[in-house]
Amino acid sequence: MPKEIIGKGTWYDKAAKSLIEREKSLGRTLTPIRTESGLGASGFPHIGSLGDAIRNYAVALGVKLQGYDSELVAFSDDKDGLRKVPAGLPKEYERWLGYPVSDIPDPAGDCHESFGSHMTSLLLEALDKCGVEYKFQSAAKVYELGLLNREILTILENVEKAGKIIKEELGQEKYLETLPYFPICENCGRIYTTNAYEYVPDEHKILYRCTGMEVKKKWLNGCGHEGEVDVLSGKGKLSWKVEFAARWKALDIRFEAYGKDIADSVRVNDRICREILGFEPPMHVQYEMFLDKGGKKISKSAGNVFTPQVWFRYGTPQSLNLLILKRFVGTRSCSVDDVPTHMDEFDHLEEIYFGKSGIIDELESIKLSGLYEYCWMLKPPIKPSVHIPYNLLVQLAKVAPKGSETDFIRNKLEKYGYLKQGAEGLEERIRFALNWLNDFGRITKIEVKMSEKEAEAIESISEMLQKVKTADEYQSAVFQTAKNLNMSPKNIFQILYKILLGSSQGPRFGSYVEALGSDKVIKELRKAVKKSGKK
RNA sequence: GGGUCCGUAGCUCAGCAAGGCAGAGCGGUGGCCUCUUAAGCCAUUGGCCGAGGGUUCAAAUCCCUCCGGACCCGCCA
């Protein structure tokens with residue numbers, strides 16, 4: 001059974017291989033083979049936006065790995081209009097609905113020149129952290145510089161054909177009458193309220209009316225202005241239904257993975273690209289979306305969407321890359337809860353990569369090592385970092401004295417023997433754990449079921465705790481009770497920890513009671529006994 | 001109305017491209033460390049691979065049908 005490994009044995013290598021073969025059979029130049037990712041700029045970038053770029057970059061890396069030149073183009077859709085005020089922004093932003101996001105002021109003050117560039121910069125920042133290299137393009141700039149001019153003209157010259165293709169593929173008849181171009185209204189400045197109704201080829205001009213449009217089930221009033229625009233002036237943009245095609249050709253894009261939410265647009269654009277622009281469209285792969293897990297709030301503050309920045313508060317960029325790269329198919333639901341498992345899983349991959357894990361299947365090992373390298377964007381470190389279960393760090397952080405958390409945790413880990421191989425990256429991990437604890441640290445109480453005898457034991461302990469004062473005495477109360485009632489201490493400890501911590505294990509009971517205060521503990525214990533209905 | 005994905009151990013999932021022994025982690029259980037030490041180690045438990053059919057010497061994997069769950073599109077971008 002001959003199994004030949006392509007590249008690093010990942011999905012991305014396979015895609016890269018068929019991409020190269022496709023380009024060869026099309027007889028196109030191979031320097032470079034470009035992939036593209038579209039960056040939405042009309043809201044806070046979330047994990048999905050980052051995922052799109054990372055996947056397209058991974059394919060570009062796969063191409064490089066096979067000895068060909070490649071490049072990721074990160075194309076910011078910053079000429080799109082604002083359709084909805086993103087959660088977390090003041091309602092006053094409604095006044096900007098319909099304006100190109102590159103013409104709206106920066107919501108964070110004046111750190112960027114516009115709303116669009118602020119949003120884009122958040123995503124680029126995340127890409128940088130994740131190790132993605134890209135060539136940045138801004139739609140606003142691209143139109144301004146006239147980089148799409150030839151394609152705009154060709155499309156407008158063949159506008160009936162374009163409208164027909166759109167109708168055939170989508171059943172949408174709108175573009176049989178309206179031109180697939182949105183002028184920015186020279187009177188009110190909005191882009192989504194204009195209706196382009198006539199094209200004058202000789203002067204490459206479009207005549208439009210600012211009539212208004214329905215966006216997100218809300219009617220946006222136009223200002224009624226009638227005007228004309230030179231389509232080469234950059235004072236407008238193509239509709240998405242034809243714009244992809246234009247930029248694929250103009251920027252010479254050969255591959256673009258896309259989320260299934262825009263599958264229809266891609267299908268239409270493929271035909272526009274091939275049949276009107278005469279350019280064989282890029283190879284595509286459709287991936288599934290990332291979803292939020294229902295009903296789970298990330299934090300109390302409103303509008304805290306699941307952004308890369310949130311992930312980086314608790315985990316490394318590589319662990320986020322793992323989340324995005326490890327699986328290609330399948331709808332993915334994800335939330336910040338996934339950080340600990342992905343941190344641990346990444347450690348596991350690192351052990352395999354550095355040959356420190358137990359014997360596993362060779363093919364499996366190659367593939368997982370390959371995945372590890374892709375998580376590092378093929379620039380893995382020479383030395384592994386320190387590996388500590390994420391939960392352990394959080395637990396240690398929980399009991400660490402305020403003010404000297406780092407020293408406390410470091411000492412404990414030393415004692416547990418975790419730092420024998422060095423402490424590379426320990427500070428960062430402690431910081432992640434402290435952030436996690438700080439944001440999600442509250443103890444989740446569970447209803448504890450217990451037998452009559454167990455309830456009796458808890459009640460007895462409560463009484464004994466009232467009479468004594470030191471950690472040792474607290475501790476021995478448990479064993480004394482166990483002896484008196486002829487029960488196993490283990491059993492009692494488990495119940496105690498379940499009541500107090502929601503887990504069947506815990507710190508040394510005596511010192512825990514001392515730290516928390518016996519009054520509080522007694523109160524908790526009695527409450528639990530009462531709830532269990534055994535007393 | 002059109003389309004996509006998922007279903008494998010109690011849980012999270014890998015394995016499916018390219019058919020060849022049913023896998024991992026977590027959890028559970030038991031044990032070790034002279035009562036708990038939030039560590040660690042050892043052992044052990046776990047399965048109608050959603051159902052049915054087809055192809056094949058051989059199917060979790062490929063094809064068809066169905067069931068269940070979820071999502072996207074059907075405004076716009």
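A note on names: the letters A, B, ... follow the listed sequences, proteins ahead of strands, and every chain is numbered from 1.
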In whole Å, what separates the C1' atom of rG54(B) from that of rG19(B)?
15 Å
So what does Lys79(A) hit on the nucleic acid, given a heavy-atom distance under 4.0 Å: a base, only sugar-phosphate, or nothing?
nothing
Base, sugar-phosphate or nothing for Ser239(A)? Non-hydrogen atoms, less than 4.0 Å.
sugar-phosphate
Mind checking what makes salt bridge (charged side-chain N to carboxylate O under 4.0 Å, His left out) contact with Asp264(A), not counting sequence neighbours?
Arg267(A)
Identify, between Ser476(A) and Asp264(A), the residue whose nearest nucleotide on RNA chain B lies closer to the 5' end.
Ser476(A)
Phosphate OP1/OP2 of rC76(B): any Lys241(A) side-chain N/O under 4.0 Å:
yes
Base-pairing string, 5' to 3', of RNA chain B - Watson-Crick or wobble, under 3.5 Å, | interstrand:
(((((((..((((......[..))))((((((.......))))))....(((((..]....))))))))))))....
Partner residues of Glu256(A) under the salt bridge (charged side-chain N to carboxylate O under 4.0 Å, His left out) criterion, sequence neighbours left out
none
Could I get the full list of side chain to side chain donor-acceptor pair (under 3.5 Å) partners for Asn195(A), not counting sequence neighbours?
none
Those residues at least two apart in sequence (or on a different chain) that pass side chain to side chain contact (heavy atoms under 4.5 Å, CB included) with Gln480(A) are Met464(A), Asn484(A)
Name all residues meeting the side chain to side chain contact (heavy atoms under 4.5 Å, CB included) criterion together with Arg209(A); count only those two or more places apart in sequence or in a different chain, and write none if there are none.
Tyr197(A), Thr211(A), Glu226(A)
Please classify the nucleic acid contact of Phe75(A) as base, sugar-phosphate, or nothing, using heavy-atom distances under 4.0 Å.
nothing
Are OP1 or OP2 of rC75(B) and a side-chain N or O of Tyr192(A) less than 4.0 angstrom apart?
no
